[in-house]
Amino acid sequence: MTGHGPALDAARAFADRWLASLPTRPVGVPADPAALRARLGDLPDDGLGAVEVLDDLTAALEPGLVASGGPRYFGFVTGGSLPVALAADWVVSATDQDAAVAVMSPGAAVVEDVAGRWALELLGLPADAAVGFATGAQTANIACLAAARHALLAAAGWDVEAEGLAGAPAVTVLLGAGAHATVVQALKLLGFGSRHAVRVPVDGQGRMRPDALAAALDAVTGPVLVCAQAGQVNTGGCDPLDGIADVVRSVGTAGLHVDGAFGLWAAASPTRRHLVAGADRADSWAVDAHKWLNVPYDSALAVVRDRAALVAALSVSSPYLPLSDLDPSTRTLENSRRPRGVPVYAALRALGRTGVADLVDRCCDLALRAAARFAAGGVEVCNDVVLNQVLLRVPGVDVADLARAVAVDGTCWVGTTVWEDAPALRFSVSNWSTTADDVDRSVDRILALRDELAARDP
Ligand SMILES: *Cc1c(COP(=O)(O)O)cnc(C)c1O
């Protein structure tokens, strides 16, 4: 062992090459998993040197890497890494802090506390809400719904943490028909069951209808949990949260959760925040940082208005772990964990209020630009492009064939979905480095590949 320098230098050399290649390399060419596996070698009897391992590893990995952090990756809602956030993430790895409790890393606990407060301000959420850093909106949804489960059952006189769910008062869960699969997953894991959740009808943009929610609630007695959404994965549509909050606040014991994985960032933009008006009236919010805030994977925030409910649901207790408000593990699913809030702090400090608004606005404007160019090229834009999502139907070709041709071509990458029972393409703009030229080149290439496919298969 000769210190960290040579291994870190090898990693840095690879990172520099990789990052520099993002604007020009083929974005996501399909790779054969068996061929990738064959490049990784065997478990050696005697270990190898760090630099040799890193060089072999990066060489073996590279053919299987997708330039998803680059400017022409439009798949899912992915985001990239702001340089400052990536660098801060390296600091997190280098310092190897366990952010479970403040005494293990006062620095990490305080940075996360500050980053959480700043995020609340940008998102327009209550300044005294509790924030737990999570790995993604999936675990943020679980954390938030665990807090909701605690609060609703406590109000009904039931201590769910102590008693479990057997014999507990039934909580009726309602969610929009366009809700994300990870909310359903959270309901499964928390014992609400996925089958019992009432699916509330949505409008043509996948947004929950407040009138339909009111009608669904008419028949319900007992505690109620409503899961709304800001940013539908196909359309970018945001549930009308003010109207939904009106309905929820008119019934007895009811909680309102917002899955705002990417859409809630609209609140940071003066020109887009009307889309999420009323969000601050909810009880909890799940928000990703690794998508639209462009910090490295993985990172999200679970925000809960009632700090005591989140702490009751998630805090571990043990004589050797005296916990205070500053201790992150009172608000997270994990006990030991890396301080994911550190890159969030770095991103927010580097962008400032204006920079976050610009990032949101730029992506939305580029989505509008893509939609206009697709429409001019004879592709049907199926959604109102209000955020960063463009949903497309392509007459005359199979969208799965088109998405495959786009992937093999390598200029850009787009995903597929099913919208209103028919296949569609999803084009999502969520990377800080994407330019108008990237969008134009990508749309033009997709249209050209569409023409090639249509000519081959008339
Ligand atoms: C991406 C997404 C999720 C899941 O987030 P992860 O970060 O993948 O865990 C949940 N809800 C919505 C609306 C999303 O877009």
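The model shown is predicted, which means the values in this text are computed figures rather than measured ones. Counting convention: from 1, in listed order, for ligands and their atoms alike.
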Q) For A137, is at least one N or O under 3.5 Å away from an N or O on ligand 1? A) yes
Going by the 4.0 angstrom heavy-atom rule, the piece of F76 near ligand 1 is neither
Heavy-atom distance under 4.5 Å between the side chains of V439 and T435, does that happen here? no
(request) Assess the pair Y345 and W118: is the distance between their ring centroids shorter than 6.0 Å? (result) yes
Among K291, Q232, Q138, Q389, closest by heavy atom to atom 2 (C) of ligand 1 is K291
Could a heavy atom of G231 be found less than 4.0 Å from some atom of ligand 1? yes
Side-chain donor-acceptor pair present, S269, D361, cut-off under 3.5 Å
yes
>> Does either side chain, that of N141 or that of H257, offer a donor lying less than 3.5 Å from an acceptor on the other one?
In response: yes
| query | Under 3.5 Å, is there a donor-acceptor pair between the side chain of S442 and the main chain of D438? | reply | yes
Under a 3.5 Å cutoff, is there a donor and acceptor pairing between the side chains of T411 and D409? yes
closest protein heavy atom to atom 11 (N) of ligand 1 is D259 OD2, 2.6 Å
Atom 10 (C) of ligand 1 sits nearest the protein heavy atom T182 OG1, 3.0 Å
Within 4.0 Å of some non-hydrogen atom of H290, the atoms of ligand 1 are 7 (O)
Review point. Do Q97 and S105 have side-chain atoms, one donor and one acceptor, less than 3.5 Å apart?
Key: yes
Within-cut-off N or O pair, T139 and ligand 1, under 3.5 Å | no
V233 heavy atoms within 4.0 Å reach ligand 1 at atoms 14 (C), 15 (O)
